[in-house]
Novice: 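Have a look at this one before I ask anything.
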Amino acid sequence: MFALVDGNNFYASVERVWQPELRGKPVIVLSNNDGCAIARSQEAKALGIKMGQPLHQIPPEVRRQLHVRSANFALYGDMSARVVAVLRDLFPAVEVYSIDESFCDLAGVGDRLALAAHARSRILQWVGVPCCVGIGVTKTLAKAANKLAKSTVDGVVEIVDPLEQLREFPVDDVWGVGPRFAARLGAEGILTAADLIRADAETLRARYGVVLARTQLELRGTPCMELEEAEADRQQIVVSRSFGSEVTAREDLAQSVATFAARACEKLRARSLQAGGLWVWLNTNPFREGAAQYHPSRSIAFPVSTTDTRQLLGVARAMVDSMWRPGYRYKKAGVGLLDLSRGSVAQGDLFAGADVRVTPLMEVLDQANRRFGRGAVGFASATSRRGPAPAWGMKQSSLSQAFTTRWDQLLRVK
DNA sequence: TCTGGGGTCCTAGGACCC
DNA sequence: TCTGGGGTCCTAGGACCC
């Protein structure tokens, strides 16, 4: 038995915790570069703002009524950890599924609805974020119950009779049914979750594969997924960004890639992993009609896995040089670390000894940055915290304070 | 007429999630 | 003018093995 606890309009709700003047107002939070709406308060939804809608496509008269914020992931991540801390206090086991959702184990819990209501009110009181709770015998049913809970007053729903309770539940709201499957299912008359439950299992399996077959089983009440408390090791780490403005100079492009690569290496070491390969790509702006498009990509496998930022920076630079062509206006670049492994299963190099200085050097680097703030010590080819903002830097015109993660940005109470 | 059978690994593409 | 970022899994087909 699972409970899915989900923060309502999470990013918008977090902004409101620290800026009470936003309560009751239409609030949207934008993606990086202030591009699209990625979170909307109820009031903003009521104005017709769609998920993922580009800001520039919102009519000016609607736009004027909105309170807009740039994405502040440092703040959302910290507030998410607070929610999880409350859940771990209340439930026997918790799986953090995403920044705003956790599955909680209800095995052995007597009064499930009471516990769910208690979790909800404690999170609201201690963290300040409104949540809903969905309960079901499978994760997929808990997800569906959570969706139903969003439109109830007390914010808690348990699914006990899927066929009845999901009679009018749109099939594309089912976890695991995306836009492609929904269109195909709709074409054969499967429009609701109840329709999907009743569909012939063999036919479904043949036409849509094992993933959707499992979804159907879960909707029927047969668990196919367990609670996964321990996070599995990453298979890849990707850092990519669209640029605030288009880039034409090779050095600007190289600097952006170096900055992303250095960040990716920090994430790599923070998870005690090492990279067996590197992938770098560049993109022009696909939305610019008529502009020449170019999206090159290079990848390489290393003879020996590494955690050395210097090595990665060198290879990444060579890749940028081999891909860069004059005359294109670059809009985005990315770096991926591939074939990740734990340090304990290192494959040695038959011909070259390992450089024993790398690990201590990187540790010192990471320690300094933990203590003095990210970017306190870095590499000349990447951007630095004190240097000028790069030409390609992200646009964040409405960024709120890092209220909970930076001493110099704490909330002031007069 | 008649072209083996069984297996692994890799990659690209497609689907999904938040 | 302006359009996000970071992940996973499955499947089909090709290359290659004995």
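Proteins come first, then strands; the chains are lettered A, B, ... in the order of their sequence lines, and each starts at number 1.
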Novice: Taking atom P in both dC18(C) and dT3(B), compute the distance separating them and give it to the nearest angstrom.
Specialist: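 Rounded to whole Å, the distance is 24 Å.
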Novice: So which atom in S102(A) and which in V94(A) form the shortest heavy-atom distance, rounded to 0.1 Å?
Specialist: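 Where S102(A) meets V94(A) most closely, the heavy atoms are CB-CG1, 4.0 Å.
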Novice: How does DNA chain C read in dot-bracket, base by base from 5' to 3', with Watson-Crick or G-U pairs under 3.5 Å and | used when the partner is on another strand?
Specialist: ....||||||||||||||
Novice: With salt bridge (Lys or Arg N to Asp or Glu O under 4.0 Å) as the rule and sequence neighbours excluded, what pairs involving residues 12-40 of chain A come up?
Specialist: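 For residues 12-40 of chain A, and leaving out neighbouring residues, the salt bridge (Lys or Arg N to Asp or Glu O under 4.0 Å) pairs sorted by first residue read R16(A)-E43(A).
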Novice: Taking DNA chain B as the partner, which of residues 181-195 of chain A come within under 4.0 angstrom of it by heavy atom?
Specialist: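 By residue number: F181(A).
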Novice: Check this for me: does any side-chain nitrogen of one of R167(A) and E164(A) sit under 4.0 Å from a carboxylate oxygen of the other?
Specialist: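 A salt bridge is present here (some side-chain N lies under 4.0 Å from a carboxylate O).
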Novice: Send over the distance from R263(A) CZ to dG6(C) C1', rounded to a whole Å.
Specialist: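 Computing the R263(A):CZ to dG6(C):C1' distance gives 13 Å.
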Novice: Expressed as a whole number of angstroms, how long is the span from Y76(A):OH to dG5(C):C1'?
Specialist: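 Value for this atom pair: 14 Å.
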Novice: Please determine whether ring pair (Phe, Tyr, Trp, His ring centres under 6.0 Å) holds for the pair F181(A) and Y208(A), giving the CA-CA distance in whole Å, both sets of side-chain angles, and the decisive distance to 0.1 Å.
Specialist: CA-CA 8 Å; F181(A) 281 177; Y208(A) 298 89; 5.5 Å; yes
Novice: Please state how far atom CZ in R271(A) lies from atom P in dG6(C), giving the value in whole angstrom units.
Specialist: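 Whole-Å distance recorded here is 13 Å.
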Novice: How about CZ on R184(A), more than 12 heavy atoms from neighbouring residues, nucleotides or ligands closer than 6.0 Å, or not?
Specialist: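 Enclosed.
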Novice: Using every non-hydrogen atom in the two residues, find where L410(A) and F403(A) come nearest and quote the distance to one decimal.
Specialist: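 Shortest heavy-atom separation between L410(A) and F403(A) comes out as CD2-O, 3.4 Å.
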Novice: Could I get the full list of side-chain hydrogen bond (donor to acceptor under 3.5 Å, both in side chains) partners for Q401(A), not counting sequence neighbours?
Specialist: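 By the side-chain hydrogen bond (donor to acceptor under 3.5 Å, both in side chains) rule, Q401(A) matches no residue at all.
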Novice: List the steps, then state whether side chain to side chain donor-acceptor pair (under 3.5 Å) holds for W279(A) with S297(A).
Specialist: CA-CA 7 Å; W279(A) 171 40; S297(A) 146; 3.2 Å; yes
Novice: Calculate the interatomic distance between L268(A) atom CG and dG6(C) atom C1'; express it in whole Å.
Specialist: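 Nearest whole value for this atom pair: 16 Å.
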Novice: May I have the distance from K143(A) (atom NZ) to dC18(B) (atom P), rounded to whole angstrom?
Specialist: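 These atoms are roughly 4 Å apart.
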Novice: Is any side-chain N of the basic residue among K150(A) and D6(A) closer than 4.0 Å to the acidic one's carboxylate O?
Specialist: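 Looking at D6(A) together with K150(A), the answer is yes, because their closest N to O distance falls below 4.0 Å.
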Novice: For P286(A), which contact category applies under a 4.0 Å heavy-atom criterion: base, sugar-phosphate, or nothing?
Specialist: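 It contacts nothing in the nucleic acid.
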Novice: Atom OH of Y97(A) and atom P of dC16(B): how far apart are they, to the nearest Å?
Specialist: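 Result: 13 Å.
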Novice: Specify the separation, in whole Å, of atom CD of E95(A) and atom C1' of dC17(B).
Specialist: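 Taking atom C1' of dC17(B) as the reference, CD of E95(A) is at 12 Å.
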Novice: Can you establish whether the number of heavy atoms outside E202(A) located under 6.0 Å from its atom CD is more than 12?
Specialist: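 No, because the 6.0 Å sphere around CD of E202(A) holds 12 heavy atoms or fewer from other groups.
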Novice: Tell me whether the NZ or CZ atom of K139(A) lies within the 45° cone about the ring axis of F103(A) and under 6.0 Å from its centre.
Specialist: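 K139(A) over F103(A) ring: yes.
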Novice: Which atom pairs link the protein and nucleotides 7-9 of chain C when you take only N or O atoms and keep those under 3.5 Å?
Specialist:
residue: dG7(C); atom: OP1; partner: R234(A); partner atom: NH1; Å: 2.9
residue: dG7(C); atom: OP2; partner: V238(A); partner atom: N; Å: 2.7
residue: dG7(C); atom: O5'; partner: R234(A); partner atom: NH1; Å: 3.4
residue: dT8(C); atom: OP1; partner: Q235(A); partner atom: N; Å: 3.1
residue: dC9(C); atom: OP2; partner: Q235(A); partner atom: NE2; Å: 2.7

Novice: I'd like to know if D321(A) pairs up with R317(A) as an ion pair, taking the criterion as any Lys NZ or Arg NE/NH1/NH2 lying under 4.0 Å from an Asp or Glu carboxylate oxygen.
Specialist: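 Between R317(A) and D321(A) there is a salt bridge, with a charged N closer than 4.0 Å to a carboxylate O.
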Novice: Taking only nitrogen or oxygen atoms into account, show me every contact under 3.5 Å that the protein makes with nucleotides 2-4 of chain C, one pair per line with its distance.
Specialist:
residue: dT3(C); atom: OP1; partner: K331(A); partner atom: NZ; Å: 3.4
residue: dG4(C); atom: O4'; partner: S31(A); partner atom: OG; Å: 3.0

Novice: What nucleic acid atoms does V174(A) come within less than 4.0 Å of, heavy atoms only: base, sugar-phosphate, or nothing?
Specialist: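 Sugar-phosphate contact only.
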Novice: CD of Q293(A): more than 12 outside heavy atoms within 6.0 angstrom?
Specialist: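 Yes, CD of Q293(A) has more than 12 neighbouring heavy atoms, counting only those of other groups under 6.0 Å.
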Novice: Expressed in angstrom and rounded to an integer, what is the separation of I99(A) atom CD1 from dG6(C) atom C1'?
Specialist: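 Distance, rounded to whole Å: 12 Å.
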Novice: Okay, side chain of S31(A), backbone of C36(A): is any donor-acceptor separation there less than 3.5 Å?
Specialist: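 A pair under 3.5 Å: yes.
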